[in-house]
Amino acid sequence: MKVRLLASSVQDPARRAYLTSFLINKTVAVDAGCLGFYGSPQQQEAVRHVFLTHSHADHTASLPIFAENAWTPAGNSLRVWGIPPTLDAVQRHIFNDVMWPDFVALSDKVPPYLRLCALQAEVPVEADGLTVTPIEVNHLVPTVGYVLSDGIGAVIIAGDTGPTTRLWEVAHRTAGLRAIFLEASFPNSMSQLAQGTLHLTPEMFGGEVDKMPAGIKVVAIHIKVRYRERVVRELGALGIPTLEIGECEKEYDL
Ligand SMILES: [Zn+2]
Ligand SMILES: [Zn+2]
């Protein structure tokens, strides 16, 4: 499985991840924070499935731009997947004929832009050779992490979360687990903010790693750019041998 964190800044894109989007095997995306800024319209058109973790803007900001870029006059079969509260937010706050035309309703009248497809926690769906299973995590709005498996290997994209439990129970019984992408938003000195907004500091990140199966590569993502150096230093001090600091545009071959 080839996993890539898409860039969302013009300068120093590898390290300044202002928004979150993952691309898997070039045809499946997790989140659409910056998916609409990726590559050419043809490359965006090749993305057939978008799995949203939650409604927050850093994960959905470019979804309307992406849906427009990916559209052709022949229409397309783009599916935007999410749990019902996320899809409801996308419909009411993005495709609402104010922020953007209602592409969902328009798709009944013109060659389709997209279809919204509801997911149920822990019920897997198939998407371009991947089995994708949403697992509820612990964030300010209803949020899921995803287990993505290609039948040989699996990765977990944890989504935004504070300390959580169920995802790690599932991780323990996931065959061929190769890597876990987990957020580390704020430095340790901002633990109160992290707790209030249900994000992780490096110290809390270490607590989550203790609940994971041992020896799995864990990639730290969603580091708030303003605090990146401090967060990276504090993550390094945890001494986790399998830790990697996530970089945009790097191809993770998992
Ligand atoms: Zn969030
Ligand atoms: Zn976020």
Side-chain angles (χ1 to χ4, degrees), residues 6 8 17-24 27-38 41 44-45 47-73 75-125 127 132-148 157-162 164 166-167 183 185 193 196-199 221-222 224:
L6 297 179
S8 58
Y18 292 121
L19 304 166
T20 301
S21 298
F22 290 85
L23 189 61
I24 296 113
T27 63
V28 174
V30 172
D31 283 334
C34 47
L35 182 61
F37 315 139
Y38 149 70
Q44 293 192 27
E45 186 193 337
V47 178
R48 313 310 315 144
H49 300 270
V50 179
F51 288 86
L52 299 175
T53 59
H54 66 304
S55 58
H56 282 161
D58 53 329
H59 302 256
T60 55
S62 76
L63 181 63
I65 314 303
F66 166 71
E68 173 162 315
N69 289 343
W71 186 82
T72 72
N76 67 40
S77 55
L78 171 63
R79 287 167 183 239
V80 176
W81 301 87
I83 51 174
T86 305
L87 296 184
D88 184 53
V90 162
Q91 177 77 74
R92 285 198 296 141
H93 303 297
I94 298 175
F95 298 116
N96 59 3
D97 281 331
V98 178
M99 297 301 284
W100 205 248
D102 183 351
F103 276 6
V104 182
L106 274 175
S107 294
D108 287 337
K109 297 179 197 129
V110 299
Y113 282 93
L114 55 86
R115 266 188 298 164
L116 300 181
C117 301
L119 292 168
Q120 222 182 309
E122 310 212 7
V123 177
V125 296
V132 184
T133 311
I135 310 291
E136 285 174 343
V137 292
N138 182 25
H139 193 40
L140 280 184
V141 295
T143 301
V144 292
Y146 287 107
V147 182
L148 301 111
I157 294 174
D160 287 9
T161 189
T164 194
R166 180 62 187 150
L167 186 60
E183 72 139 278
S185 293
L193 181 62
T197 55
L198 291 169
H199 283 296
I221 57 159
H222 202 277
K224 298 286 177 187

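Note: hydrogens, waters and symmetry copies are ignored here, and every other heavy atom, side chains too, is used.
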Got a second to check how far S55's OG is from L63's CG, nearest 0.5 Å? 12.0 Å
H54 to P142 - nearest heavy-atom pair and separation: CB-O, 3.5 Å
Exercise: identify the closest heavy-atom pair between S8 and Y18: OG-N, 2.9 Å
What I'd like to find out is whether the side chain of R48 reaches to under 4.5 Å of the side chain of N76, using heavy atoms alone. yes
Taking C-beta and beyond as the side chain, do F51 and L148 meet within less than 4.5 Å on heavy atoms? no
Least distance between heavy atoms, S62 atom then L35 atom: OG-N, 3.0 Å
Separation of F95 CZ from L114 CG (nearest 0.5 Å): 5.0 Å
Which heavy atom in V50 sits nearest to a heavy atom in A32, and how many Å separate them? CG1-CB, 4.3 Å
I24 and V30 have their tightest heavy-atom pair at CD1-CG2, 3.8 Å
Would you say that W81 contacts V132 through its side chain, given a criterion of any heavy-atom pair below 4.5 Å between the two side chains? no
For the pair W71 and Y113, name the ring-plane relationship: parallel under 30°, tilted 30 to 60°, perpendicular over 60°. parallel
Between D97 (side chain only) and D102 (backbone N and O only), is there a donor and an acceptor less than 3.5 Å apart? yes
Taking the side chain as every heavy atom from C-beta outward, state whether Y146 and L119 have any pair of such atoms under 4.5 Å apart. yes
Closest non-hydrogen atoms of L19 and A61, given as atom of the first, atom of the second and distance, are CD2-CB, 4.4 Å
With distance as the sole criterion, is a donor-acceptor pair present between the side chains of N69 and E45 under 3.5 Å? no
Heavy-atom count check: over 12 atoms from other residues, nucleotides or ligands less than 6.0 Å from R166 CZ? yes
Calculate, to the nearest 0.5 Å, the distance between atoms CD and NZ belonging to E183 and K224 respectively. 8.0 Å
Sidechain-backbone polar pair: Q44 side chain, Y38 backbone, donor-acceptor under 3.5 Å: yes
Is there a side-chain contact between L52 and V90 (heavy atoms, below 4.5 Å)? yes
With T53 as reference, evaluate T143, T86, T60, D31 under the side chain to side chain donor-acceptor pair (under 3.5 Å) test and give the passing residue. D31
From H49 atom NE2 to R79 atom CZ, the distance as rounded to the nearest 0.5 Å: 6.5 Å
Just how far is it from atom OG1 of T161 to atom CG of L140, taken to the nearest 0.5 Å? 10.5 Å
For the OG1 atom of T197 and the NE2 atom of H139, what is their distance to the nearest 0.5 Å? 7.5 Å
Close side-chain approach of D160 and D58, heavy atoms under 4.5 Å: yes
Give the intermediate values and the outcome of side-chain contact (heavy atoms from CB on, under 4.5 Å) for residues N96 and Q91. CA-CA 6 Å; N96 59 3; Q91 177 77 74; over 6 Å; no
Do Q120 and I83 come close enough that some side-chain heavy atom pair is under 4.5 Å? no
Side chains of P101 and L106, heavy atoms from C-beta outward: is any pair under 4.5 Å? yes
